[in-house]
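Notes follow once the structure below has been shown.
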Amino acid sequence: MHINGKTIWIVGASQGIGLRLVESLLKDQCRIIASSRNAEQSPELIQLKQTYPDTLRLINCDVGQKDSLPPIIEQAWSFFNGIDIWLYNVGSYQPMSISDWEIEKFEQMNQSNYLGAVYLMHGLWPKFEQQGFGEWVWNVSLASDFGLPYGGGYSAPKAALMNLAESLHPELLEHNIQLKVVNHGFVKTRLTAKNDFPMLGLMSAQDAADRIVTALQQNRFETRFPFNLGAVLSILKRLPKSWSLLLTKKMLRKPNHD
Ligand SMILES: NC(=O)c1ccc[n+]([C@@H]2O[C@H](COP(=O)([O-])OP(=O)(O)OC[C@H]3O[C@@H](n4cnc5c(N)ncnc54)[C@H](OP(=O)(O)O)[C@@H]3O)[C@@H](O)[C@H]2O)c1
């Protein structure tokens with residue numbers, strides 16, 4: 001599929017990978033609706049709007065505020081009279097050990113990494129059904145493959161999103177809607193700035209955005225990258241659990257006796 005001229009709603013568009021996606025897709029002559037909690041106030045998006053006044057629209061959207069979403073969906077749909085591709089790119093991340101677990105942070109990760117996509121899907125479905133075609137692309141994560149120490153608050157809702165995508169794909173295809181997932185690894189953004197360990201295969205946000213743009217044009221349910229981290233997690237997922245858990249036990253921090 002060629003994406004030139006397509007209308008794409010990117011939710012999670014003001015920072016990191018999402019912002020790079022907006023820039024790249026505008027250069028590819030797409031019409032972009034860019035959303036995040038503060039999209040209309042984002043200096044980068046405002047500047048892009050000056051360069052692309054006819055093909056970029058900004059609309060604030062907090063996916064954690066379920067009741068606020070129906071009018072936002074209406075407006076996003078009406079900007080260019082329909083949407084070809086809905087790209088869900090929202091995510092939040094807070095590593096936590098069991099002894100410093102913050103329930104509010106966990107709830108927030110459930111909203112942004114899973115429930116927000118479900119709320120938007122619920123509002124968008126009747127519109128896509130009536131339109132009779134479309135593509136839904138969910139940025140999940142390689143973290144959905146296997147729960148790693150301290151990362152479960154992030155990866156558990158991502159695994160739920162992945163499972164939901166598998167469940168919905170056949171049914172959506174019957175309605176000419178293609179659901180795709182992108183499972184990628186570590187990208188240098190404010191999310192990974194919270195990590196204090198070496199990140200295998202760490203890539204730039206532009207690199208990740210370029211590969212997601214390619215995924216939009218391919219007829220594939222799952223796009224995974226980079227290969228090395230993808231292979232490690234895929235092996236962890238397929239090994240007998242007792243073996244995988246012996247390996248992930250080695251990732252625990254050493255107790256601090258100071
Ligand atoms: N970075 C990585 O290593 C990595 C790895 C695998 C997968 N991913 C996934 O890639 C996606 C993008 O991540 P990123 O690293 O680019 O993160 P980021 O720089 O923090 O960007 C996240 C985007 O989501 C928006 N957002 C956050 N909470 C929101 C909410 N409640 N409602 C609406 N928008 C919200 C943010 O804008 P506002 O703050 O203005 O709302 C921002 O535009 C996420 O789904 C993430 O899980 C990232």
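Sequential numbering from 1 along the given sequence is applied to the chain's residues. Just so you know, these numbers use all the heavy atoms, side chains as well, and skip hydrogens, waters and symmetry mates. Remember, it's 1-based here, ligands and their atoms both numbered in the order they're listed.
In this pair, W86 and Y88 present their aromatic rings perpendicular. The plane angle is above 60°, beyond the 30 to 60° band.
Applying the ring pair (Phe, Tyr, Trp, His ring centres under 6.0 Å) definition to pairs two or more places apart or across chains, those involving residues 161-187 are W125-H175, H169-F221, H184-F225, F186-F197.
Ring-centre distance between F106 and W101: below the 6.0 Å cut-off. Aromatic ring centres of F128 and W77 lie closer together than 6.0 Å.
We find that D145 and R238 are not joined by a salt bridge, their nearest charged nitrogen and carboxylate oxygen being 4.0 Å or further apart.
Residues V137 and L19 fall within the same hydrophobic cluster, defined by Ile, Leu, Val, Met, Phe, Trp and Tyr side chains chained together at heavy-atom separations under 4.5 Å.
Contact residues for ligand 1 (protein heavy atom closer than 4.0 angstrom to any ligand atom): G12, A13, S14, Q15, G16, I17, S36, R37, N38, C61, D62, V63, N89, V90, G91, N139, V140, S141, Y154, K158, H184, G185, F186, V187, T189, R190, L191, T192.
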